[in-house]
Amino acid sequence: MSEMSVMKALNLAMFEEMVADEKVICIGEDLGKQGGCWGTFTGLQEKFGENRVLEFPILEAGYTLFSVGAALGGYRPIVEFMFADFVTLGFEGIVDIAAKIRFNSGGVDSCPVTFVLPQGGGGKSGAHHSQSVEAWFANVPGLKIVAPTTPADIRAYYRAAIRDDDPTLFIYQRATMGLTGEVPDVLDEVPSLAKAGKIVKTGADLTVVAYHRALLNAMAAAAQVEEETGKTIEIIDPRVLIPFDKEIVFDSVKKTGRLMVAHEAPERGGFGAQILSWVVENCMKELKAAPVRVAGVNSIIPFGDLEKYLYPSVEDMKAGILKALK
Amino acid sequence: MSEMSVMKALNLAMFEEMVADEKVICIGEDLGKQGGCWGTFTGLQEKFGENRVLEFPILEAGYTLFSVGAALGGYRPIVEFMFADFVTLGFEGIVDIAAKIRFNSGGVDSCPVTFVLPQGGGGKSGAHHSQSVEAWFANVPGLKIVAPTTPADIRAYYRAAIRDDDPTLFIYQRATMGLTGEVPDVLDEVPSLAKAGKIVKTGADLTVVAYHRALLNAMAAAAQVEEETGKTIEIIDPRVLIPFDKEIVFDSVKKTGRLMVAHEAPERGGFGAQILSWVVENCMKELKAAPVRVAGVNSIIPFGDLEKYLYPSVEDMKAGILKALK
Amino acid sequence: MNFSNEELLEMYSDIVKSRVLGEKIVEYIFSGKIAGAIHPCLGQEAVSAGILTAFKKSDIITYGTETHRAQTVMAHRVGWKPFIAELLGRTGGCNDGISGEYHIHDLKNGQLPAAGALGGTWAEIAGFAWALKNDGKKRQIGFAPYGDGAISQGATYEAMNIAALFKLPILFFIENNGIAMSTPVENQSPLENLADRAAAFNMKGVTVDGDDPVAVAEAVLNGMELAANNEPNVVEVKTMRWEGHYVGDPQKYRDLSYKEDLDSICPVVRFEKRLIELGILDDEIIKAVRESQTKEIVDGFDEGLSQTIATKEQVLDYNRVYSNNAGGEL
Amino acid sequence: MNFSNEELLEMYSDIVKSRVLGEKIVEYIFSGKIAGAIHPCLGQEAVSAGILTAFKKSDIITYGTETHRAQTVMAHRVGWKPFIAELLGRTGGCNDGISGEYHIHDLKNGQLPAAGALGGTWAEIAGFAWALKNDGKKRQIGFAPYGDGAISQGATYEAMNIAALFKLPILFFIENNGIAMSTPVENQSPLENLADRAAAFNMKGVTVDGDDPVAVAEAVLNGMELAANNEPNVVEVKTMRWEGHYVGDPQKYRDLSYKEDLDSICPVVRFEKRLIELGILDDEIIKAVRESQTKEIVDGFDEGLSQTIATKEQVLDYNRVYSNNAGGEL
Ligand SMILES: Cc1ncc(C[n+]2csc(CCOP(=O)(O)OP(=O)(O)O)c2C)c(N)n1
Ligand SMILES: Cc1ncc(C[n+]2csc(CCOP(=O)(O)OP(=O)(O)O)c2C)c(N)n1
Ligand SMILES: [Mg+2]
Ligand SMILES: [Mg+2]
């Protein structure tokens, strides 16, 4: 075990997979001497060479499509969008091309590309550098969406995403880049993307499902509420959104009878609605109260410190928990 | 009143708005002599000239962005994507640019562009010509999504979308292009996009919310179930998805105690989850059973007749209604 | 002209085959046996014949897509019967008749996935060409064709930029038939010769007569050779679309007077005359070629039509969508 | 050189102003008074000075965005105080300090919306230029600048294609500082002169020394004149970025030996020498200009910092997002 930041965990995961499989390549902007805009590629080009860490011009549409071609040619590309927001430019390559490769090949050719999307607030850089994008892709069959939070999970699930033979969006929260945590020195087994849900904390009175910064805020809020009310709250980090680990959530809700879902993306049309729907469809009888969503404001993200008004705070989480407990 | 097809209603709406406001312009491929791929632009360039019906090269990204610039220059562009699927290429222009114009201008400049998206199955043209796209945009604040079904509603709400000062996706189902219905000769008032829900049919035992082809199939299925069971089903066509007319749905569910939501887009991550969530959050006490969603299969759309296996049929709707009634 | 008489005769055979295939597609669509809007190649047969000749003559292996009018090249790649069956939506198709001609895909035969949405495949093929080069596969290249309309898409420039920067073995091929759906090429691009775009990427570009299969074959062979030496380049061929955009298109947007004397612009007739002048072809061979090509294609259609259509279970097969159990339910 | 002594002195004043603004931005970022990653213009001051000179000298009205290093031009458009306040996130900013410098937008002053995502604004400005032309507004044009990196995006070619086809009054301006974040221009484009891309659209393109404000001004004036005659065209200026991509960037990816003798490559020093040679400038004026420009900018920062920051209510104002009550809840 060693203490490690999210940034280092991202770097380690790529390093390990590049060692394990020489077909793993990296594609994106400024991946060479700069080691990527976030430093997460530090040392990789030096170690593995320019033919494994490919520095591209600023043409996200082009290199998204390029990555699919390279995948068909036997490679396993990791494609970084510097900010998740810029995936708008890769939308055709991901949604129309990558997601449909396997189907149109009759199940013969897979498309093992990992699209890396550093997303969300915290950088104070406004409307084009702070969005959360998971729901934009959640209605596109053929894709998988991986969204871990802690350094250890990031390391493990990033490796899992790279290894997975299907096109996968690996989404992490940029604001938590400096978050540290214990990470095992060796990962005994790279996990499957199936059944990836994790009970972060057990509890009896409410099930909270949250990821990324919303998970951290929900944990802080839950601690306060437990302290103040004596109720206990079960917190689940799904870690993977598609395929979603429904059973772990259903089991928990069947126990607690209550649900709160939280994420940083805007509430309307967010992935929380899908989680809530699954729970209601399957645990209606056990639900003691209406489930609650806590999410971002349905608005555009302002520049600078003002962004804080858009994202759900610890207080918002607390209010949501109290509402769900009613 | 006259009997009119969806195709003619689309044409009429544009014609009327182009007469009413000389700043309304059309942008897209093959809009000139061909009158658009679907014939919906027939006669418009002849009548209004090449400076109001602009025929573009095949560069969806470019003309999406162009339309925003023209809007800032005082125009009110209608932008057709030949197939809704191709909006992947306009994603940046719509999501990053159009949706954020007003906010970043401090609420000064609007962006009155209507993006027209003929979507869904029926054309048998496979994976890139048959998708339903509303959920891809539902988590993007700043956009409105209009999705009427009948010729009369298409005429009225297309006009409303064009008139609306904000960027609006006008989505219709390509397979229903030939659907006919009574359309008033003169539209006394162009409706607002707010509170657009319509009770297509009243009933006491179940509320069905559906749009596009799913609405037509749900209506057919409801008739069968009513016949067979003696129960009555209330059917609501939201007509506009954002802003969603929640009250009309809540009122209905509070009366019937049951809900089914249906659309043609894949179930997972579809807009139905959002509708279901709103209802559960607000009508939990009144719900007598778990709400049900009936939607497209979470898979890729095959070519030719095989596409039928992907979309919810009348039988699927019937099964859903019976389940919701349990 | 560097082609032997045998090669010229095979080229002739291929141009006739393209013509017959085009005619049969029209026929089978009108009789309701083919679904979807298929784009006929009539008038553009010399392009496919030239490409096929180049592919056969060269030792360079190509991986690529085709334009949606180069069905003859698709069929050559994936096999005639699997191609026709796919076109007909039958289980004998190269993808069980499920993906369709729009999405023809058969990697082992060099057929990279065709896309219904225009604009993306050049960059996709660039990625594949990069893989070929990186694997040290000599004399294997990417073949990236598009029409005069499709190349308006921004990603095609991005693909050329990538190819030039990484010196990829790739041939960009522009089948300029003067029109995109209803839009004349003058309204797509402000260039006399579309191959001139190559200069914006410091690449070579040539434009040749696309109604002359020999000129097409020579240009493609040259382009393939350059590509095999990691010199990406552009070949444009100029031809003419006779039919509508899709079968049944009334073409109201277009002056149709050219239809009055198709023979005078027909690439098949023109090539016939040339080969007759050269003493390689006579009426008897003409008849025989037409008959044998027709038979092969009609037999293919008959065989295709005798096959089953995929079942619901085949269409909704989980393994067709995801590679492993971690996909979520269909 | 078609500039009067007064014009040259004003050009000098503008180059100094750009320098001071760049220095102050660095200073205020390090002292924590400016949020976000702002891109300093140090080394590229002649570009902004040249643009400003052209704008002031011509009777042609421009509507455009700026590159993210041309803060001086943004400030000139929207007004210095509103610009600085926006940069500082204060309510006196041109968008109440809510949109930020990344998204500066002030239509009435010709400032079209700046985008954080690179690639889209050229096509957006083309749409605006079309509106100008269609409205019969003579001598009004779109001004569309981008860096050497941003022009790799496919939509920039699409924009040029649109402009050429519709003969739009638009000047495409490439501020080539040799680098995009950490990527040298050679790894972005395989062209010696990026203006050569214009030929792919049958447009004129010129490349000039971007460290000479006079050359920049002349090229921009010419390009504006062409644009005003509905001849879209490209002007490239070559300059050099001194600082990192953003303030605080350690630039480990780059040979920093040029920093040892900045004076030898400094566009301000070079212009000073030239004007001294011409007898227009002396040490006294140099000092006076520097002082007055510094004062104006520092006063602007002081005034900005004295203003309030937008409230939650202002940020979450429904009317800032939607134009009418049909938007759904925030
Ligand atoms: C992204 C996208 N936009 C539009 C279309 C519709 N479309 C299909 S073919 C075509 C015309 C293509 O013209 P060209 O490239 O010249 O090929 P041709 O049909 O002439 O062979 C169009 C507009 C599409 N398939 N994809
Ligand atoms: C779509 C998109 N991709 C990447 C970025 C990140 N980014 C911001 S500026 C920049 C470099 C731009 O280089 P250039 O155009 O040469 O301008 P310069 O910074 O040199 O002035 C990059 C990669 C972005 N903002 N948008
Ligand atoms: Mg064409
Ligand atoms: Mg640069």
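Letters A, B, ... are given to chains in the order of the sequence lines, protein chains preceding strands, and every chain is numbered from 1.
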Worksheet item: Residue by residue, which of residues 196-210 of chain C have a heavy atom closer than 4.5 Å to a heavy atom belonging to chain D?
Response: Arg197(C), Ala199(C), Ala200(C), Phe201(C), Asn202(C)

Response to the item:
side chain to side chain contact (heavy atoms under 4.5 Å, CB included) filter on Ile61(C), not counting sequence neighbours, yields Tyr63(C), Gln140(C)

Item to complete: Give me the contact list for residues 144-165 of chain C versus chain D, heavy atoms only, anything under 4.5 Å, ordered by residue number.
Response: Ser152(C), Gln153(C), Gly154(C), Tyr157(C), Glu158(C), Asn161(C), Ala164(C), Leu165(C)

Worksheet item: Around Lys259(C), counting heavy atoms of other residues, nucleotides and ligands shown, do more than 12 lie under 6.0 Å from its NZ?
Response: yes

Worksheet, complete the sentence: side-chain hydrogen bond (donor to acceptor under 3.5 Å, both in side chains) pairs touching residues 220-230 of chain C, sequence neighbours excluded, are Arg139(C)-Glu225(C)

